[in-house]
2 protein chains.
Amino acid sequence: MDWTDLQHFLALAREGTLSAAARSLNVDHVTVARRVAALEASLSLRLVDRRPRSYELTEDGKRIAKIAAPMTDTAFAVERAVQASKSGIGGDITISAPPSLANVLIAPKLIRLRQQHPGIRIKLIGEKRTASLNRREADLALRLSRPSEPGLIARKIGYFEFALYGSPDYLKTTPPHAFAFIAYDSSMDDVPQQRWMMRFAASREIVLRSNDLENQAAAARTGMGLAALPKFLGEADPRLERHDIGGRPVGREVWLVVHRDLRRTPTVRIVAGFIEDCLA
Amino acid sequence: MDWTDLQHFLALAREGTLSAAARSLNVDHVTVARRVAALEASLSLRLVDRRPRSYELTEDGKRIAKIAAPMTDTAFAVERAVQASKSGIGGDITISAPPSLANVLIAPKLIRLRQQHPGIRIKLIGEKRTASLNRREADLALRLSRPSEPGLIARKIGYFEFALYGSPDYLKTTPPHAFAFIAYDSSMDDVPQQRWMMRFAASREIVLRSNDLENQAAAARTGMGLAALPKFLGEADPRLERHDIGGRPVGREVWLVVHRDLRRTPTVRIVAGFIEDCLA
DNA sequence: GTCCATTTGTGCGAATTCTCACAACAAGAT
DNA sequence: ATCTTGTTGTGAGAATTCGCACAAATGGAC
């Protein structure tokens, strides 16, 4: 049995489609199709039903995928072990962080890290989707709440508060009872800053919903309404002015997350220290 | 990271040499060398020291091999699961048994199994070395003592006794105090039948040591001395005559061993039943 | 309805990988 | 001393595999 065939089959089982599996493996979708077919042939067992527009696992395929799944975990553990045994300082480090944190707090200071340690190549991915450290989609991650996955080490390295911001002109000319608001889309209704702003907005109108904080900030700058923005973002921008409201301010903690296997790697430690400095 | 590269590296780590790893994988030794080199290149990590006539794992290599080893176990678990999900009766079944049991009790009756179930292809390996059911070197095994490995199901399906046999002529012409004996080599001094015979032989001479029971039987037939043979082997041969001695006879239990994962497979059940009949 | 994005399937040329044959060398047996 | 057996290493041709370009089909957006 060819292990690479198994790898491709597991990717298909995990991703659901040939194309998605191919993307996750960085190969052509045809290759995935061929390797799955090869695996079926070598096992003399039908693993997938080829439906017109989709691949669906057979019962046998589901059982085999479940049994074989630990191989993927072990393979990633190997990759982490390899990364961990690189004793020198240098190499590729991937950081995953919420886009706003990445753009405002991390990216502008990367030049300093680069000067101190030219051997380190940073890959910074600003994604809402939390990258999996277990699957080694990132070596370090910034999260806004403590992760619970096993094998991960989290440390609280910062805290920031939100405030409402609008353009100076908008705040001067608009009476509070006529305020309009800019919010995340409704899938984010449960995050603290959204709930906080919604409570304050009460029945007043929400004129824009965007899942991108930068878009909200841009809209607020043009005088479209008030947006709940992190202070580190709003205070630095002269085109935005804070509108203080009463009550307890809302804030989020910032957690730095690293996999246990990579904790002691010199390069990872250095980058982790750098990120802490960025948040200080 | 290519999983097949890992597979080849693990085979090398397990077997110790390129050639042995190549044999276990049914490929050319050059292939193993290249895949290990490819793995090293893709990880940027030296895994082996190439010494003049041997490959030796580096410290990194040992650590990686240890971490990755579970992948091999899982791969074999997949193969067993595949075997187990073959619902029809038929296919290849490998039986491992001590040579004497295989030759005398199993092999002659295989024709009956073949007649009843033409779809089943049996591979019978008579080896002293106990084949690994975990590594799927065999689907069913006969052992003379209860195995302790985890995941294996053992059932006692038989019992046979040993007796001393010599040629009829030898027994007629030789007085007991002049008996000569035929034994296993000294690596087998601890097995019960050997201890039993040695105690009876006391100071009398051992004229032949062989690790093959068939050789011992052949020597006994020619009148070279007495050999401790299973009764099922000695009684059926007119050229051998039993020499009874006092005391409690020595015997061995026969255990039928199957992996838990294959227990319920129809084909395996049928073959297991057949083997039980052979021993009854 | 039309357009766009996404999915799987096919044919072909290019790149890669594998096996085979042979070589060099060491260790042990005869 | 010679022969056999078992290592690893090298080069070349054959076999395999891969990716690309294109096609067909479906579902959703507008």
Side-chain angles (χ1 to χ4, degrees), chain A residues 1-44 46-58 61-62 65 129 185-187 208-212 215, chain B residues 1-44 46-58 61-62 65 75 129 185-187 209-212 215:
Chain A
M1 186 178 57
D2 185 327
W3 285 20
T4 303
D5 287 348
L6 246 189
Q7 179 185 28
H8 285 67
F9 169 67
L10 285 173
L12 172 64
R14 180 185 159 83
E15 302 290 338
T17 70
L18 283 186
S19 305
R23 277 191 296 273
S24 81
L25 295 170
N26 276 314
V27 296
D28 197 275
H29 69 94
V30 188
T31 301
V32 180
R34 279 191 288 235
R35 297 214 84 119
V36 170
L39 182 64
E40 284 183 311
S42 89
L43 301 181
S44 308
R46 298 272 316 284
L47 298 172
V48 293
D49 280 331
R50 280 129 181 114
R51 313 234 350 121
R53 178 130 184 68
S54 67
Y55 268 43
E56 192 172 352
L57 297 197
T58 63
K62 286 179 194 165
R129 185 180 73 87
D185 63 66
S186 52
S187 72
L208 172 65
R209 282 179 175 270
S210 165
N211 64 349
D212 187 305
N215 288 143
Chain B
M1 187 179 54
D2 185 327
W3 286 20
T4 303
D5 287 348
L6 246 190
Q7 178 184 29
H8 284 67
F9 168 67
L10 286 173
L12 173 63
R14 180 184 158 83
E15 302 290 337
T17 70
L18 285 187
S19 306
R23 277 191 296 275
S24 82
L25 295 170
N26 275 316
V27 295
D28 198 277
H29 67 94
V30 187
T31 302
V32 180
R34 273 191 296 242
R35 297 214 85 119
V36 171
L39 182 64
E40 284 184 312
S42 90
L43 302 180
S44 308
R46 298 271 316 283
L47 298 172
V48 293
D49 280 332
R50 280 129 179 114
R51 313 235 347 124
R53 196 137 330 295
S54 69
Y55 268 45
E56 191 171 353
L57 296 198
T58 64
K62 287 179 194 165
R129 187 179 73 83
D185 64 64
S186 52
S187 72
R209 281 179 175 272
S210 166
N211 64 348
D212 188 304
N215 288 144

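Naming: A, B, ... by sequence-line order, numbering from 1 per chain. These figures come from a predicted structure and were not determined experimentally.
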Rounded to whole angstrom units, what separation is found between the [atom1] atom of [X] and the [atom2] atom of [N]?
X	N	atom1	atom2	answer
B/R23	D/dT5	CZ	P	14 Å
B/L25	C/dT17	CG	P	17 Å
A/N26	D/dC18	CG	P	14 Å

Any residue meeting side-chain contact (heavy atoms from CB on, under 4.5 Å) with A/T17, in chain and number order, not counting sequence neighbours: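 Counting only residues at least two positions away or on another chain, A/T17 forms a side-chain contact (heavy atoms from CB on, under 4.5 Å) with A/S19, A/A20.
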
Only counting residues at least two apart or in another chain, list the ones meeting side-chain contact (heavy atoms from CB on, under 4.5 Å) with A/S42.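 side-chain contact (heavy atoms from CB on, under 4.5 Å) check on A/S42 returns A/L39.
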
With 3.5 Å as the limit, what N/O pairs link the protein to nucleotides 8-15 of chain C?
residue, atom, partner, partner atom, Å
C/dT8, OP1, A/L18, N, 3.0
C/dT8, OP2, A/L18, N, 3.1
C/dT8, OP2, A/S19, N, 2.9
C/dT8, OP2, A/S19, OG, 3.0
C/dG9, OP2, A/Y55, OH, 3.0
C/dG9, O6, A/H29, NE2, 3.3

Among B/L6, B/V27, B/D5, which residue satisfies the side chain to side chain contact (heavy atoms under 4.5 Å, CB included) criterion with B/R35?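 For B/R35, the side chain to side chain contact (heavy atoms under 4.5 Å, CB included) check succeeds only for B/D5.
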
Applying a 4.0 Å non-hydrogen cut-off, can you work out what B/T31 is touching in the nucleic acid: base, sugar-phosphate, or nothing?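 Base: the residue B/T31, judged by heavy atoms under 4.0 Å, touches a nucleobase.
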
Does the side chain of A/L57 come within less than 4.5 Å of A/L47's, by heavy atoms?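 They are not in contact (no side-chain heavy atoms under 4.5 Å apart), so the answer is no.
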
Could you tell me which non-hydrogen atom of A/S24 sits nearest to which non-hydrogen atom of A/A21, and how far apart they are?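 Scanning both residues completely, I find the closest heavy atoms to be OG-O, 3.0 Å.
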
Which atom names give the shortest non-hydrogen contact between B/V48 and B/F9, and what distance separates them?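 Smallest interatomic distance, heavy atoms only, reads CG1-CE1, 4.4 Å.
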
Kindly state each residue pair satisfying salt bridge (Lys or Arg N to Asp or Glu O under 4.0 Å) with at least one member in residues 9-24 of chain B, sequence neighbours excluded.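 Sorted pair list comes back empty.
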
Set of residues satisfying side-chain hydrogen bond (donor to acceptor under 3.5 Å, both in side chains) with respect to B/N211, sequence neighbours excluded: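 If we apply the side-chain hydrogen bond (donor to acceptor under 3.5 Å, both in side chains) test to B/N211, skipping adjacent residues, there are no hits.
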
What protein N or O atoms touch nucleotides 27-30 of chain C N or O atoms at under 3.5 angstrom, if any, and at what distances?
none

